[in-house]
12 protein chains.
Amino acid sequence: MSDHHVYKKVEIVGSSATSIEDAINNALAECSKSVKNIEWFEVQETRGHVVDGKVGHFQVVIKAGFRIQGS
Amino acid sequence: MSDHHVYKKVEIVGSSATSIEDAINNALAECSKSVKNIEWFEVQETRGHVVDGKVGHFQVVIKAGFRIQGS
Amino acid sequence: MSDHHVYKKVEIVGSSATSIEDAINNALAECSKSVKNIEWFEVQETRGHVVDGKVGHFQVVIKAGFRIQGS
Amino acid sequence: MSDHHVYKKVEIVGSSATSIEDAINNALAECSKSVKNIEWFEVQETRGHVVDGKVGHFQVVIKAGFRIQGS
Amino acid sequence: MSDHHVYKKVEIVGSSATSIEDAINNALAECSKSVKNIEWFEVQETRGHVVDGKVGHFQVVIKAGFRIQGS
Amino acid sequence: MSDHHVYKKVEIVGSSATSIEDAINNALAECSKSVKNIEWFEVQETRGHVVDGKVGHFQVVIKAGFRIQGS
Amino acid sequence: MSDHHVYKKVEIVGSSATSIEDAINNALAECSKSVKNIEWFEVQETRGHVVDGKVGHFQVVIKAGFRIQGS
Amino acid sequence: MSDHHVYKKVEIVGSSATSIEDAINNALAECSKSVKNIEWFEVQETRGHVVDGKVGHFQVVIKAGFRIQGS
Amino acid sequence: MSDHHVYKKVEIVGSSATSIEDAINNALAECSKSVKNIEWFEVQETRGHVVDGKVGHFQVVIKAGFRIQGS
Amino acid sequence: MSDHHVYKKVEIVGSSATSIEDAINNALAECSKSVKNIEWFEVQETRGHVVDGKVGHFQVVIKAGFRIQGS
Amino acid sequence: MSDHHVYKKVEIVGSSATSIEDAINNALAECSKSVKNIEWFEVQETRGHVVDGKVGHFQVVIKAGFRIQGS
Amino acid sequence: MSDHHVYKKVEIVGSSATSIEDAINNALAECSKSVKNIEWFEVQETRGHVVDGKVGHFQVVIKAGFRIQGS
């Protein structure tokens, strides 16, 4: 293992009818199915659908960062 | 009705002593009194008043998008 | 006291395992120990650590604004 | 009439299956039904829906500027 | 009246041959004819026309924020 | 299938000697070979090569969003 | 000739009653009269005049990059 | 004294009922009470309160830069 | 003369001990010595030198736009 | 092979205890293990860890662009 | 000690006649005289003075982040 | 000579196989052949070509500022 690491960021969009925090966790949960070792996230945008004058779903665009394995 | 739609975005600021999500819903509720068919929102800014070292009110600036009727 | 005020903004980062709102309040609570009269905050960035595919801590970067005493 | 004018900008989203230019014109046509004297537009965002790996509709967010009547 | 307020922001462009401050006031004066209770403004852009190598008119794009009545 | 979806965005650059719209469609066509269910795109940058004082190729940087399968 | 090149970017605004692509080509054609070897362009802004509720002219602000001769 | 200097920037908000320039000077005057050797400022935001459809106070957010003593 | 025009923008910095407006006019006056037909300006940045806790000079970075002769 | 190419950009973070240039090269080296034909990079952010008041590691976020094979 | 930490960011400008990396380290060294436990930095701007057509000093604006003691 | 100066900024792109600093110096050296009295530069973008998974050339986009002679 080298003395430095390399990370990759992927951009994902999670949604939730409940909260912004829940939308972030939903995005991370789905992303974790294929990517190991996610270490951090950065919120890029917060938006959502509106139904009958209320938030239907929060949609949170995040970047998730993970270490490239072997690096 | 044409085969394309035209939407308008308006910028509104909702507030809530409770949460960011609640501030967004308060903005949408007020906006829905005069505008029908809001379809989405986009958070522009999140800020708030501070009282005695605690958040007094969250203030969330959103853009709300709705289809122009008849379009 | 003059007829105009001068404010200062400081940039702080609060964290919370629970919610974005809680991270903001934690930042304000700590900041209030040394700064009196914080009047408002502005969210700059929302990010966080991820542990086992879930949010470990939300980290919220805010600017806190307070009136310079005597101004 | 004063020697200075005041303008207002509104944010609208036009769409078209054909082109970006057509989406802009569709937004302006709809907006012109209620607003007289639109003088300029500024493109804010260009995006669209994708259907079967092709652009279904271009969606162009513009700001339209018009002089406030009487100003 | 609820314990929270909802505000709207509109984007207007004022002009003045004299000064940036005057252009802002001209925009607010015109806007106040139709909107009550403007509480704050935010400068978005400062630009202008040039005539014979001198500023002909300053044009200042502002957002004006006002409380939605009844909120 | 859960009651919420997770999307991913990838950043691609399409080019075309003909038009901006064509460059977007070329990017989507290529991307669709490996990614199913692209639902939307967002233009990030428009640029191009110049040959003999004319546009040689338009290059359009887009983000393409698609639902992660199974989410 | 050195083993590295130096480029300059100039900012120009082209217009066209027809299309965004045509406005870019008009800007490049004019710029090429005085500058040799333009190699690329980057779109900065897309805007235009509106006449009778339709686009009168598209105005596209681009940066054009060219190699400084001898570098 | 070393052959290089280190500067710090602080963010302050000045206000004035008169002008933008005066708001900047008020911010600098207050800041100068505790910080010596302010060398430059950068305007970040210009905004203000509105009273009866007129500017009540201009509020100008600036960054003030000063050399750290001894550096 | 063609039915479309091409403009160029140059970036200049004017200064003044008096006001932001004066700094803009000084930039335009100097620029007009070599460039004919400046038609508009756009403020990019407002900053300045500080002397003894007061603004010594306002420095205003503008883009000045002018029609390319013959276009 | 068509007469146009399609590129993809991926966002990676390289680190180095030595220099910014080295961090970029480390990111590219790691990325090249799985991606062929990287043609360019764009620096997005430069940051780093601090240990005992000195830079421990530079961390450089880049976008790396490569041609999609077969396009 | 609580289970969450609060950090502060300060904005400093380091300079060096040698390199960007050296300018960052100079800023951190000076900042470390008064602030303990700086943990990270973020580059905001890179600029410099020019003397006789060569870089005289690199000036790098960074934000330095440190944990507020006791948090 | 008046008591105020006017500066111009030009945007240039330097490249170097060695370092970011060297690319900046190459840009300044070339620019100095035609422009006297460059006083400062501001980095706008850092990017580069990649060859065989390594940086081939760093390309640094800078703005160079110089005083207009006689101002």
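Within every chain, numbering begins at 1; the chains are lettered A, B, ... in the order of the sequence lines, protein sequences first and strands thereafter.
Once rounded to the nearest 0.5 Å, the distance linking CD1 of B:Ile20 with OG1 of A:Thr46 reads 8.0 Å.
Across all non-hydrogen atoms, the minimal contact from B:Ser32 to A:Gly53 is OG-CA, 3.2 Å. Counting all heavy atoms, side chain and backbone alike, B:Glu21 lies closest to A:Phe58 at CG-CZ, 3.2 Å. Of all heavy-atom pairs spanning B:Asn25 and A:Val55, the tightest one is OD1-N, 2.9 Å.
For the side chain to side chain contact (heavy atoms under 4.5 Å, CB included) test with B:Leu28, the passing option among A:Asp52, A:Val51, A:Val50 is A:Val50; the others fail.
Looking at B:Glu39, the atoms closer than 4.5 Å to chain A (heavy atoms on both sides) all sit in the backbone: N, CA, C or O.
Within a 6.0 Å sphere centred on NZ of A:Lys33, other residues, nucleotides and ligands contribute more than 12 heavy atoms. More than 12 heavy atoms of other residues, nucleotides or ligands lie within 6.0 Å of NZ in A:Lys9, so this atom counts as buried by the packing criterion.
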